[in-house]
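The next block holds one structure in the form of structure tokens; read it before the comments.
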Amino acid sequence: MVEKIRDQKLIARGLRRCSTGRFALWIVPWAVLLVFGLYSAGLCLVKGLNQTNMDNRFAFGLWIFLDLAVIALGAGAFFTGFLVYILKIRELRAVINSAVVIGLVCYSGAVAVLMVDVGQPLRAWFTFWYPNVHSMLTEVTFCITCYLTVLAIEYLPIVLKNRRLQDVPSFLVFEFQLHKLTYVLAGVGTFLSFFHQGSLGGLYGVLRGRPFAFREGIFVWPSTFFLFIVSAAAVGPSFILLTTWLVEKISRKRLVKPEVLRLLGRISGLMLAFYVMLKTVDTLIWINRTSPERGFTAFEYYSWRPFGTWILFAEIVVFGLLPSLIYLTPRLRARTGWLAAAAAMACCGVALNRFVMTVQTLALPTLSFDRFLSYTPSWQEVGTFLAVVAYGVLVYSFSFRYFRLFPEERDLQDAAPERNEADLDAELVSAGR
Amino acid sequence: MTTTRRNLFKLAGGAAAGSLLTPAPWRLITDTALLSENWPGVPRPKRGEVSYRFGNCALCTAGCAVRARCVAGQPVALAGVEAHPLSRGALCTYGIAGHHLPYHPARLRQGPVAEASAAVQSAIRTLRPNEHCAVLDLRPGRTASWTYRRAMASVRNGMYLASESNTAVDLASAKTVLSLGVPVLDGWGTPGNVWALRGGFHLIQAEPVESRTAVMADLWLPIRAGSEAALLDAVRGGSASDAAAQTGLSEQQIASLARELRENGPSLVLDRNGASPMIARREAPVPEEWKKAVPATQLASVSEESIRVLLIDESMPGEYLPWSAIQPKLTSDCVVVSFAWSKEGYGRQARFTLPAAVYPEVVDDIPPAIDSPAAMFRLAAALVAPPEGMVSPTGFIAGLAGIDAKNALQERVAAIQKSGRGSMFDPSGAAKPADLWKALQAGATWIDDREPRASVISTQIASPLADDKNRSSAPLAIAFSEPRAAALVSPLMSKVTNESGLRLGTHGVAIHPSDARGAGLAEGSRARLETASGFVTVDISVDDTVPPGVIQVGGGPDLQNVCGANRRGRVVAL
Amino acid sequence: MTSSKKTIKAARYGMTIDIDRCNGCGACMVACAVENNIPPVPQGGDRKGLTWIRVYKVDNGAQGADRRSAFVPMLCQQCGNEAPCAHVCPQNAVEIDPATGIVGQMPERCLGCRYCMAACPYHARYYNWWDPAWPAGMERTLNPDVAPRMRGVVEKCNFCHARWHAAREQAAADGKPDTEPVNYVPACAEACPTHAIRFVDLNQTSVEGFRMLEKLGTEPKIFYQSKRDWVRQIAEAPRPTANGSKQGKEASRG
């Protein structure tokens with residue numbers, strides 16, 4: 001029996017997609033997860049943050065770690081935009097749309113979680129009304145809100161290019177006008193991202209009271225400001241690579257030319273190598289100067305189990321140096337499997353770095369009569385985290401199905417036809433129009 | 001001209017744009033925060049005229065002078081009175097928030113008064129020849145205590161049970177103090193007085209756990225739990241080697257302690273049950289007519305199964321005698337009535353628990369503390385009106401004997417005034433010295449003249465308790481960490497008990513991690529503490545400053561009841 | 001009409017805390033809660049409570065009979081140099097008053113992001129994890145001079161700012177010039193039965209003592225005093241004396 005594609009009119013011309021029923025089957029578990037996650041978040045909003053396991057000493061927990069990690073991973077949006085529109089690396093046009101969707105999903109998810117994480121979300125506008133020019137968090141708030149707007153505007157053309165929406169003339173005109181803005185948007189996006197990725201790092205680098213996190217720097221910017229920018233730029237392409245590879249595997253289609261993935265890998269590898277070098281220098285300065293000046297020899301931090309020196313080693317060497325070496329080895333780069341593995345490791349490395357800066361910083365004692373503390377997220381926190389994941393998968397799934405996320409897909413598809421009955425039917429149906 | 005829709009839109013748009021140039025939207029935008037600033041459910045404190053009233057704290061016999069800041073007549077804050085010659089402006093952790101007690105959720109608001117009255121009267125009528133009607137007074141030495149004694153003189157086979165209250169300790173002249181687990185610097189005596197005299201004595205604290213007093217003492221001797229008697233024996237001339245074996249101290253330490261007590265005198269030894277030496281302290285004068293009253297009887301000298309009616313006044317916090325010591329003295333059909341603030345304490349065992357007014361609702365006099373060699377007379381503050389339905393213990397008991405005790409306090413004050421003794425401290429400085437009753441109601445303190453030659457009383461201290469003999473039966477030795485507390489403490493005490501690990505609550509106990517592991521308990525778990533006197537549900541803290549084999553307990557009435565006469569217990573997970 | 005410029009003589013309020021006189025009674029903690037309308041939060045345990053001043057029990061690191069303890073009241077250290085919390089608050093909800101030096105917290109402006117709590121090395125800031133709740137009837141005992149906070153905002157010691165205001169009003173009523181600093185006493189210093197906590201104007205009194213975490217350069221205005229060497233060493237983190245308890249969890253309570 002042939003599976004019908006009921007929403008064929010919404011799917012872009014020439015693209016093959018699975019049947020509506022199969023798509024629904026894919027969507028349902030994520031939707032259920034989203035509902036559960038919204039319930040968890042709702043509990044936190046209605047009953048208060050006592051629903052979480054955060055406390056006075058662990059003021060930040062799973063959600064802040066999630067925010068930082070997700071924003072670092074979503075950096076692919078700005079960096080790819082920068083590479084395509086400013087540096088004119090045309091090959092990456094194959095993934096720019098996907099990158100924008102990922103970026104949108106990451107940033108909007110992060111902002112949504114942030115609204116649950118603060119105690120008084122109704123006062124969120126206070127940061128704009130009473131800004132503190134000295135605070136990194138003010139900077140983060142401004143830049144992220146602006147950048148989210150930029151991403152939404154960049155997402156619009158992708159949406160408006162949908163087959164059905166293009167039938168509306170005013171949308172067509174609007175989309176065309178937007179097209180002229182692309183370069184401006186890319187530039188603005190890069191500028192904003194530079195600052196907010198940096199100030200997310202600056203959030204922890206300026207904490208004079210936490211010698212574990214505190215770093216010296218240039219002017220008002222601690223070294224973590226620059227390290228976060230570089231690491232975000234390094235992991236952005238990796239995450240795009242990883243997601244593209246994943247989507248290819250799940251949808252069983254070829255979406256980009258292999259050279260694109262290799263290019264992403266090479267860029268990521270170069271940035272990662274640069275990052276590892278900077279991070280090593282920074283760590284050495286921290287060990288030998290910054291931390292001792294504040295009374296701690298750095299290895300004292302690592303005497304608190306379970307955070308031994310293995311975590312530093314894992315972050316810089318295993319998940320930093322190793323993937324960059326894999327990326328930069330042409331023989332390994334030629335194999336998609338290695339690329340995906342390196343991408344996964346790079347993403348883990350950045351997530352680990354964000355974890356260290358948030359959770360480990362707070363776990364370590366600051367007073368001599370403090371204790372080392374442990375924290376495990378409550379199910380409400382995990383639920384909210386999963387809501388963001390589910391939301392991301394859902395938005396991406398719908399975008400992938402109904403919008404032309406991968407411009408090269410059609411050409412690749414024609415070059416290597418893998419047809420089945422349903423596809424034939426679909427072609428006949430679309431040909432009959 | 002005709003107005004078109006376009007004109008309207010233009011007008012609206014222009015108005016909107018123009019309004020941005022006025023202050024209106026920029027002011028209104030901050031009003032959107034009003035909901036978040038006036039969260040429903042957050043109480044708004046009432047405003048009113050501010051006034052100050054003086055009184056004295058009734059939570060223990062220190063009776064520290066209190067200055068209450070009142071708003072529209074309602075006390076909102078309590079502070080000490082610096083000029084007071086004894087309390088010196090100090091108020092302890094409990095006293096600082098004493099004004100919360102009337103609102104405590106566990107506070108009793110009603111009880112079976114008529115039933116209790118009927119049962120008691122019927123029992124008194126049918127008393128058999130060898131049976132007694134007894135009043136157990138947890139805070140002897142008050143005017144109310146005299147009322148009970150007078151009432152029991154008129155009631156058939158009336159008896160008045162109370163511990164000794166007319167003895168004191170002369171801390172001012174002591175040069176060396178050996179404290180056997182007594183919280184000298186943490187709620188003993190009158191804290192302000194103890195701190196004022198601190199520079200004059202060398203404090204040696206002998207106890208198994210480093211308590212708050214031990215932290216501040218000049219010397220802490222970490223003796224094994226239960227070895228107080230052995231230590232005392234040694235310093236009085238007994239065998240130092242025996243004592244060293246039992247206490248865990250070295251022979252040199254014991255010898256040096258003995259030498260210090262001898263050579264750096266006068267020395268004072270304190271124990272949870274008494275002191276050596278103690279001096280006799282006369283009471284504030286009483287009216288002559290009152291002296292036809294039964295004397296105080298010690299519970300130990302009462303025959304078994306001879307109490308048919310037991311009326312317990314626990315309406316003023318005091319030392320709880322263990323129920324296991326009281327129970328054998330009661331007949332099987334004994335009517336037990338307790339006048340209390342809450343069901344904790346004897347309310348657990350009494351047949352009738354009647355609600356008494358709590359501090360600071362009631363006027364009552366506070367007997368002097370152990371560290372006051374001279375008698376004192378002061379009244380507890382009555383700062384708020386008690387709710388309906390409260391029972392006055394003196395009214396109830398005096399009523400049984402047909403005595404009118406409503407003006408007992410005034411009669412007492414008249415007797416004091418007539419005696420011509422003593423001096424008065426008046427915190428407000430307002431009342432005329434001659435108007436003693438008025439001054440006392442406004443928070444003054446009458447202080448007796450010191451007797452030139454007070455007789456020295458010898459008391460039995462550091463006596464081994466019954467269950468010290470069977471050490472192996474219960475694994476944990478009991479050490480008290482808190483001064484004795486009332487059944488009700490302010491909900492804000494959670495700051496020091498729950499919200500920090502600073503103190504143990506009224507049901508709090510602390511054990512060493514190895515003991516916790518052995519009993520399958522963890523920090524915060526609930527358990528049952530069992531002793532030979534009974535059992536009580538407790539909250540566990542795990543603390544490695546408590547030596548293994550020791551359990552540190554808080555000071556609430558339930559814990560006093562179960563641990564007071566017993567030095568050993570066990571904890572069982574619930 | 002001429003406007004005259006007034007030079008206000010600024011006060012720099014601070015405290016001396018004599019650790020040798022602190023017996024860990026906690027009267028300061030309860031008095032603070034009474035004065036500042038802090039609700040009881042017993043359900044939170046010792047990590048989610050509201051204790052603007054909190055007494056910690058510290059020890060010399062030895063075991064058994066050689067172990068010695070002390071009690072250290074910790075409250076907002078009123079940092080004098082670039083207070084970490086003021087620096088990081090995204091909406092300027094932390095205001096340092098130049099006339100008093102007090103680092104003030106504005107709960108009505110606080111968003112509840114808790115960044116200041118991460119920044120404070122003294123753990124002096126507390127978050128309202130629950131809505132404030134008092135047993136029925138106990139709201140009558142609330143202090144009308146201090147506004148209770150709602151849930152979701154951060155609060156901390158402000159040296160009983162309401163008492164400072166009351167002292168200023170009293171001084172004005174007494175006809176004193178408003179350019180002079182006022183004398184007042186916060187609730188904890190007033191309540192301390194052993195006078196371990198003393199409130200001073202550092203501009204008028206010179207004090208001695210050591211401060212917590214001096215290497216961080218925050219210039220706190222709380223001066224601790226003790227004659228015992230090991231007590232002075234707890235002010236530095238990590239502690240200079242080597243002790244084996246750094247592997248795994250530390251043993252101090254409080």
Side-chain angles (χ1 to χ4, degrees), chain A residues 47-52 54-60 64 114 117-121 123-124 126-141 203-204 206-211 213-214 293-297 300 303-305 358 361-362 365-374, chain C residues 43-45 47-49 56-59 72 74 82 84 86-94 109-115 117-123 125-131 150-154 212-213 215-218 233-239 246-252 254:
Chain A
K47 288 198 170 170
L49 287 177
N50 54 78
Q51 298 286 299
T52 69
M54 291 186 284
D55 54 50
N56 292 328
R57 299 283 294 278
F58 251 109
F60 295 154
I64 295 291
L114 221 47
D117 202 357
V118 295
Q120 290 280 342
R123 297 184 188 174
F126 279 12
T127 314
F128 300 96
W129 204 245
Y130 307 106
N132 177 3
V133 296
H134 300 292
S135 169
M136 287 281 174
L137 197 49
T138 309
E139 222 264 291
V140 167
T141 314
L203 279 185
Y204 297 92
V206 294
L207 294 182
R208 295 162 57 213
R210 305 255 176 199
F214 181 73
E293 259 172 27
R294 309 189 91 72
F296 283 84
T297 63
E300 259 146 1
S303 66
W304 299 97
R305 286 187 298 234
T358 52
T361 306
L362 289 176
T366 51
L367 291 165
S368 71
F369 44 92
D370 265 353
R371 289 173 299 168
F372 174 85
L373 299 164
S374 66
Chain C
Q43 70 274 29
R47 280 167 66 166
K48 272 174 148 145
Y56 288 88
K57 189 173 181 194
V58 303
D59 64 80
V72 181
M74 284 295 291
E82 283 194 44
H87 215 251
V88 301
C89 177
Q91 50 257 1
N92 279 324
V94 185
R109 199 184 280 182
C110 177
L111 171 66
C113 70
R114 308 186 296 288
Y115 190 20
M117 293 172 71
C120 178
Y122 304 107
H123 311 304
R125 291 174 152 272
Y126 298 87
Y127 186 75
N128 281 279
W129 298 97
W130 283 269
D131 279 308
M150 65 293 291
R151 87 165 181 238
V153 297
V154 175
M212 295 289 173
L213 303 177
K215 284 210 174 86
L216 296 182
T218 48
Q233 283 167 356
I234 54 130
E236 293 172 51
R239 284 165 66 165
K246 283 262 293 291
Q247 293 298 322
K249 305 193 190 215
E250 221 174 48
S252 56

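Sequence lines set the chain letters: A, B, ... in the order given, protein chains first and strands last, and positions in each chain run from 1.
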Please flag which part of [X] lies under 4.5 Å from any non-hydrogen atom of chain C: side chain, backbone, both or neither.
| X | result |
| --- | --- |
| A:L137 | both |
| A:L203 | both |
| A:L362 | side chain |
| A:E293 | backbone |

*Decide whether C:Y122 and C:T218 meet the rule of one side-chain donor and one side-chain acceptor closer than 3.5 Å.*
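Looking only at side-chain atoms, C:T218 and C:Y122 do form a donor-acceptor pair, the distance falling under 3.5 Å.
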*Can a donor-acceptor pair be found between the side chains of A:E300 and A:T297 at a distance below 3.5 Å?*
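A donor-acceptor contact under 3.5 Å links the two side chains.
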Taking the side chain from [X] and the backbone from [Y], do they hold a donor-acceptor pair closer than 3.5 Å?
| X | Y | result |
| --- | --- | --- |
| A:R210 | A:Y204 | no |
| A:R57 | C:R47 | no |
| C:N128 | C:V153 | yes |
| A:K47 | C:W130 | no |
| A:N50 | C:W129 | yes |
| A:T127 | C:P90 | no |

Which bit of [X] is near chain A, if near means a heavy-atom gap under 4.5 Å: side chain, backbone, both or neither?
| X | result |
| --- | --- |
| C:M212 | side chain |
| C:A93 | neither |
| C:Q43 | neither |
| C:C120 | backbone |
| C:H87 | both |

*Pick whichever of A:Q51, A:R123, A:M136 has the most heavy-atom pairs under 4.5 Å with chain C.*
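Top count of heavy-atom pairs under 4.5 Å with chain C: A:R123.
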*Most heavy-atom pairs under 4.5 angstrom with chain C, which of A:I64, A:N132, A:L114?*
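Going by pairs under 4.5 Å, I would pick A:N132.
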If you count heavy-atom pairs under 4.5 Å between each of [options] and chain A, which one has the most?
| options | answer |
| --- | --- |
| C:M150, C:R125, C:R151, C:M117 | C:R151 |
| C:P84, C:G45, C:C113 | C:C113 |
| C:V88, C:L111, C:D131 | C:L111 |
| C:K215, C:H123, C:M74 | C:H123 |

_By salt bridge (Lys or Arg N to Asp or Glu O under 4.0 Å) - contacts of C:R114 (at least two apart)_ =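 Salt bridge (Lys or Arg N to Asp or Glu O under 4.0 Å) list for C:R114, sorted by chain: A:D117.
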*asked:* Would you say that A:T366 contacts A:F296 through its side chain, given a criterion of any heavy-atom pair below 4.5 Å between the two side chains?
replied: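 Side chain of A:T366 against side chain of A:F296, heavy atoms only: no contact under 4.5 Å found.
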